[in-house]
Structures are given as C-alpha cells and as structure tokens.
Amino acid sequence: MNTSTLITVAPTGAEVDKSKAPALPVTLEELVSTAVECEAAGAAVIHIHIRDDDAAPTLDLGRLRATVDAVRSETNLIVQLSTGGAVTDPESDRLRVLEAGPDMASCTMGTVNFGDGVFMNRWEFIVALHESMREHRVVPEYEIFDLGHLTSLARLLDKHGLPHGGHVHVDFVLGVPGGAFGDAQTVSDFADAVRRYLPEGTTFAATGIGRTTLPVMLTSLAAGGHIRVGMEDTTSYARRQPVESNAQLVTRAAEAAQLAQRPAMSISDARDMLRIAGR
Ligand code: KMH
Ligand code: ZN
C-alpha cells in the first residue's frame, strides 16, 4: 500500500465551455494563478490543456512553451501536458506537444467513443508517442478509458520497452460516455488488472467524470491508488453546487486523502515515485 497520495489537478480540459463554467481557467494568467492555489492545496502534478484567445482548445506550440515556462516559474508542480488535446486535433499536432518540454505528458492507450465524438488513438500513433516521449525524456502518464487500454499497455511495454525513467504510471479516466463505468467495482477491477498484467511497481491514479468523481476518488484511495481531480472532469462540487475553483476540488481530495491516512504526497516524493529528475 502506498503511504501517501499523489494528487493531480486537471484544471481546464478541452471540452468544458467557459461560458457555462466561469471558474474554468482559460487564459495563461488564470491557469498560473490556479496552479499556485492548487499547489498550496496539495496537488503535485498539473495536467494541462490550453485555450486560445476565444477560449477554444489549442495545441499551439508557442503557447504551450509559454505555459510550461510560466507554470514552472511560479510553482514547483510537475508539469504534465495533454497529448490528447481535443477529439478534433490531428496526430501531428498531438505529437508536437512534446517539443514544449514538459516533465510528463499523457498517452492514451486506445480509441474510445467520447460522447458524440470519437477520441482516436491508433496503435501506430500510440507507439510513435511512446517512443517520442522516450526521445524527449518525457515521463508518460498512460490514460486508461476502458479495460482494453490496459491490454494495449501490456502489449506496448512488452514490445517496445519501459518508458523514460523506467516507472509505469497509469490513470483510469472513468465515466466517459463510451468508456468504462465510473464506479467502485470498475476501479477495483482495473486495479486488479494492473497488479496482474503490468510490471511490478506500476502505480495507478483514478478520476471520475461528472457525478462519478466521488465514488472513483474514494475507491482509488481505499485500493492504494492515487487521485486526479479538476474542472476538466467535473464542474459540479455537489448536487446543484457548481465548482468554485479547482483549488476547492484539490482541497477536498487532500482532505479525503488525509482521512484515509494517506496524506497528499509532496512534490519531491512525487518526483521520486514517477522518476522525474528535479529541475
Ligand atoms: N480531451 C480528450 C479528448 C488527455 O488529456 O490526454 C482527451 C483527453 C486525454 O483529455
Ligand atoms: Zn486531459
């Protein structure tokens, strides 16, 4: 059982509309102040998607570089860029994200229906991303939306070797319409599959979309896993109570971790666990 809990914040995402969730950080200034608050509340990793001047999702490399620099200059957080982007983003742009020089990047392990869209992740693309991350010395977080994505990860590691740093860390993203259910049994089943089929020492985190946030978070804590929270995944704090800020979600996650006697992991312990060199 892990002693402390890695808390990742995913503050923005690509799907939530700023006009419907005014607390969503979409400008660089909003993102940096969110990062500062979430670090103080107990987050160790920030999973970043950026927006353009119209608050639409973008993978513009110049903006990504400026974002990495700004978050690094104001916080010690581990900077994880999304290579998932939005469902409309081409593979070439998603691969180029690594050129912005993050500590970590997401790597989704398969295609999944994503609401009315399709989040496309072909096998050849996954292999290219995995290998490019190694070349760029970026530590992956493997995103698991469905059980078959764990099968693909076992195959990837078997055929193409361990990622940069040698540690394998996965994140279950549950409750997406088209992916696995966001409930306690699914977290337990996925955690069991990790133990049975992935390298010893593999760590997992979990996040639940929308109203699945709490059962997924609490089960992950009970199962020895880590947690991701943020407005990318939920904009409701409770029934009829919109999220006021990402820090509010991180604070609740840190309190739950404390209650489980697995308090929020320090950034330096997170770097050790994920094998990310210090800056
Ligand atoms: N926005 C989703 C299509 C990731 O960041 O890598 C993909 C996503 C996963 O959010
Ligand atoms: Zn994301």
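Residues: numbered from 1 along the sequence shown. Note that ligands are numbered from 1 as they come in the structure, with each ligand's atoms numbered from 1 the same way.
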Those atoms of ligand 1 less than 4.0 Å from some heavy atom in S106: 4 (C), 5 (O), 6 (O)

Atom name in E232, limited to N/O/S, at shortest distance from the Zn ion (ligand 2): OE2

Quick check on ring-ring contact (aromatic ring centres under 6.0 Å, His included): which of F204, F145, F181 does F172 satisfy it with? F204

Any atom of ligand 1 sitting under 4.0 Å from a heavy atom of G85? yes

On the 0 to 90° scale, with breaks at 30° and 60°, tag the H167-H169 ring pair as parallel, tilted or perpendicular. parallel

Regarding ligand 1, does H49 bring an N or O atom to under 3.5 Å of one of the ligand's N or O atoms? yes

Per-atom filter on ligand 1: closer than 4.0 angstrom to a heavy atom of G84 are 4 (C), 6 (O)

Does R275 use its side chain to pair, donor to acceptor, with the backbone of M273 at less than 3.5 Å? yes

Is there a side-chain contact between I48 and L31 (heavy atoms, below 4.5 Å)? yes

As an exercise, identify every atom of ligand 1 less than 4.0 angstrom from a heavy atom of E232. 10 (O)

Angle at the Zn ion (ligand 2) between NE2 of H49 and NE2 of H47, to 10°? 100°

State, with a plain yes or no, whether a side-chain heavy atom of E99 is found less than 4.5 Å away from one of R65. yes

V138 and L81: same hydrophobic cluster, using ILVMFWY side-chain contacts below 4.5 Å? no

Decide, counting backbone as well as side-chain atoms, whether E143 has an N, O or S atom less than 2.8 Å from the Zn ion (ligand 2). no

With atoms numbered from 1 as shown, which atoms in ligand 1 lie under 4.0 angstrom from a non-hydrogen atom of E15? 1 (N), 2 (C), 3 (C)

Over 60° means perpendicular and under 30° means parallel, so classify the ring planes of H130 and Y142, tilted if in between. tilted

Indicate yes or no: does an N/O atom of S82 lie under 3.5 Å from an N/O atom of ligand 1? yes

